[in-house]
Amino acid sequence: NASRFSILLITDAVEDLRPLSNLIKRHFARFYIAKNEEEALSIIVDKKIDVLLMGLTNLRENEACFLHLLSSKQNIDKNF
């Protein structure tokens, strides 16, 4: 059942990806968009994200941190 998954798209090009976002929303009720790393961290911790779609050009340095959060599902200090 697709509704059991939560998906987070991290992108600074929200308008450019609007068609993709609308498509995902039709199939997944728990779909979130973050425009920057701070929003992404907050959503990952608060919403227990299952699938992460990364579209920020400068996200590479924090990729491992986000993936660790998803795999551990643990709360961390948001001021890291």
Side-chain angles (χ1 to χ4, degrees):
N1 187 348
S3 62
R4 66 185 171 148
F5 292 105
S6 58
I7 299 175
L8 172 60
L9 170 62
I10 307 171
T11 182
D12 48 5
V14 175
E15 289 305 315
D16 293 342
L17 295 175
R18 185 74 55 202
L20 173 64
S21 298
N22 290 337
L23 177 66
I24 295 172
K25 284 179 191 177
R26 278 186 270 177
H27 297 283
F28 296 91
R30 297 186 307 150
F31 175 68
Y32 308 94
I33 298 175
K35 297 176 188 169
N36 57 50
E37 294 166 327
E38 292 80 19
E39 283 183 22
L41 181 59
S42 177
I43 292 170
I44 287 171
V45 172
D46 294 341
K47 302 296 184 183
K48 307 298 183 201
I49 298 300
D50 297 304
V51 178
L52 184 61
L53 304 173
M54 294 184 268
L56 282 179
T57 53
N58 64 346
L59 195 60
R60 301 269 185 251
E61 62 197 40
N62 291 318
E63 225 171 73
C65 176
F66 287 133
L67 294 175
H68 172 72
L69 283 173
L70 290 179
S71 65
S72 67
K73 303 275 185 165
Q74 295 176 0
N75 289 340
I76 63 165
D77 180 4
K78 292 185 182 180
N79 298 313
F80 73 98

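Reckoned from all heavy atoms, side chains included, excluding hydrogens, waters and symmetry mates.
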(message) Distance check, rounded to the nearest 0.5 Å: I7 atom CD1 versus I49 atom CD1?
(response) 8.5 Å
(message) Working to the nearest 0.5 angstrom, can you tell me the gap between T11 OG1 and N36 CG?
(response) 11.0 Å
Let me check something: any side-chain donor-acceptor pairs from residues 13-24 under 3.5 Å, sequence neighbours excluded? List them with distances.
unit_1: E15; atom_1: OE2; unit_2: R18; atom_2: NH2; d: 2.7
unit_1: S21; atom_1: OG; unit_2: L17; atom_2: O; d: 3.1
unit_1: N22; atom_1: ND2; unit_2: R18; atom_2: O; d: 3.4

Contact summary for [X] and [Y], nearest pair of heavy atoms:
X   : Y   : value
E39 : A34 : OE1-CA, 3.4 Å
A40 : I10 : CB-CD1, 3.5 Å
D50 : F5  : OD2-CA, 3.5 Å

